[in-house]
Amino acid sequence: MLYLSTRGDTTPRHFCDILLEGLAPDGGLYLPAFYPQVDAATLGRWRHLYANGAPGGYAALAFEILSLYIDDIPAADLKALCEKTYTEAVYGTAAIVPLTKLQDAPGAATPIYLEALSNGPTLAFKDMAMQLLGNLFEYELARRGQELNILGATSGDTGSAAEYAMRGKKGVRVFMTSPAGRMSPFQQAQMFSLMDDNIHNIAVDGVFDDCQDMVKAVSNDLVFKRQYRIGTVNSINWARLLAQVVYYFAGYFQATSSNDQKVSFTVPSGNFGNVCAGHVARMMGLPIAQLVVATNENDVLDEFFRTGVYRVRAGADTHETSSPSMDISKASNFERFVFDLLGRDATKTQSLFGAQLSQYGRFDLGADPAFAQAATNYGFVSGKSTHADRLATIRDTFERFGVTVDTHTADGLKVAREHLFPGVPMIVLETALPIKFAATIVEALGREPDRPARFRGIEDLPKRVTTMGTDVAVIKAFIARHCT
Ligand SMILES: *Cc1c(COP(=O)(O)O)cnc(C)c1O
């Protein structure tokens, strides 16, 4: 399988050539040259392999799917990496991504399921991909005899998922900046209690944008970047997206008993990484009726799917919400879908995401015949949820089903209910556990959410974090000092 850029660069690249990369050199995003088609016989075989979540089933399924996109890692090695990543010991269940049925009332035409993607080490769905990435990075760096220093900025879930994936990995160091005092106490404790030598937490006196600006400034110093082998693990990384394709198949197999059935998925969305993996699964032939994009008050994506207008928000127009991992001003993976929507026209994609966005901050496909196909040919619809909706959904779900959902999953559930079709099971992706966003759960239910045993008392553990200002020279010196 070769990879190309959404902006036209077709230099032949295999999976491992882009594994450690962010953007393509022309500023586009990497996509496979084509989507391998899964025929009925293969789908049947995979259903059997996953075996409704029997031990080892998820790893076997992951190996099958990844193999279609990775031809430069020997099969036995790739299989071992999948088996090492997706274990019952790490995820707590053999199914890895078990479904919970919510609407069991007799006569309820459309069952709604929650698919648990947040039973990994940091209790958010980002573990599903990041845990594999950690193993892939360690493998590939060893093969090349290289090292990589991952520099990132986080306001919560991404940073902790990256650190738990890379801790103790040979050849990798993590330098993770976060705005001092702005993450929840639980999130701070998760990150700062890591004592691994290769993990470095940097609390910056500033806001998240200051952290991102520092990361950009360091990465823009190409001499420093090359000398210290600086890389990233952000959500545009193709390997992360690919890893996420697997759980769409696993969810489908659990919700259906025959491959003649269709399901829909609702995905709490921010950077469009998670739901883009659903798009890839659908393009491969997984029988998905609709892909429902759920946003919070930061409704960049909902606006697009309703009107065809994609409009990047200014910093001041980005709301701080109680589903903070969806607080985005632009959706960094969205270019991948638009490229497909436009019939893979790289020139047009380049003009929209290059010229038009940088000049006007928006583009409008409303009058383009391709836009109508987003729903009809690609299954995309959308909706939006607010803080009041989250509170109501968390309460309602607890009262009717005895299940506590986190704030992001609540956004998904709220929007899913607006897109139910009789006879088509709806799978809502659960993207985090409620304990990560306890304050809003207390606001909704008047009590603390349950805390998995392994996280009891983590706020009291010793912390390892370095605090600094926004001076780029200081963070460079810090990185240099720790790279020996
Ligand atoms: C990252 C994240 C999201 C958004 O996922 P995208 O891939 O950016 O669309 C939603 N919910 C939670 C809990 C997250 O951590």
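Indexing begins at 1, ligand by ligand and atom by atom, following the structure's order.
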Just jot down the ligand 1 atoms closer than 4.0 angstrom to any heavy atom of M326, in number order.
-> 10 (C)

Is any NZ, NE, NH1 or NH2 atom of the basic residue among R451 and E459 found under 4.0 Å from an Asp or Glu carboxylate oxygen of the other?
-> yes

Do F186 and F437 make the cut of ring centroids closer than 6.0 angstrom?
-> no

Do T386 and N296 meet the criterion of a side-chain donor-acceptor pair at a distance under 3.5 Å?
-> no

Looking at atom 7 (O) of ligand 1, what's its closest protein heavy atom, distance included?
-> N274 N, 2.9 Å

Establish, from distance only, whether the side-chain atoms of T431 and H408 form a donor-acceptor pair under 3.5 Å.
-> no

Sub-4.0 Å atoms of ligand 1 with respect to non-hydrogen atoms of G273 = 6 (P), 7 (O), 9 (O)

Are the charged groups of R311 and E303 less than 4.0 angstrom apart, N to O?
-> yes

Taking atom 8 (O) of ligand 1 as the reference point, the nearest protein heavy atom with its distance = N271 N, 2.7 Å

Between R336 and D340, does at least one N-O distance fall below 4.0 Å, as a salt bridge requires?
-> no

Would one find an N or O of T431, backbone or side chain, under 3.5 Å from an N or O of ligand 1?
-> yes

Answer with yes or no whether S235 contacts ligand 1, where contact means a heavy atom under 4.0 Å from a ligand atom.
-> no

Report yes or no: do R173 and N198 form a side-chain donor-acceptor pair below 3.5 Å?
-> no

Just which atoms of ligand 1 are under 4.0 Å from any heavy atom in D157?
-> 12 (C), 13 (C), 14 (C), 15 (O)

Option nearest atom 10 (C) of ligand 1 (shortest heavy-atom distance, choices A277, A432, P268) = P268

Mind checking whether H408 has an N or O less than 3.5 Å away from an N or O of ligand 1?
-> no

Polar atom proximity, K126 to ligand 1 (N or O, under 3.5 Å) | yes

What residue among F380, F371, Y310 forms ring pair (Phe, Tyr, Trp, His ring centres under 6.0 Å) with F337?
-> F380

Interfacing atoms of ligand 1 (cut-off 4.0 Å, heavy-atom, G270) | 4 (C), 6 (P), 8 (O), 9 (O)

Heavy-atom nearest option to atom 3 (C) of ligand 1, drawn from F334, F125, F272, F437 | F125

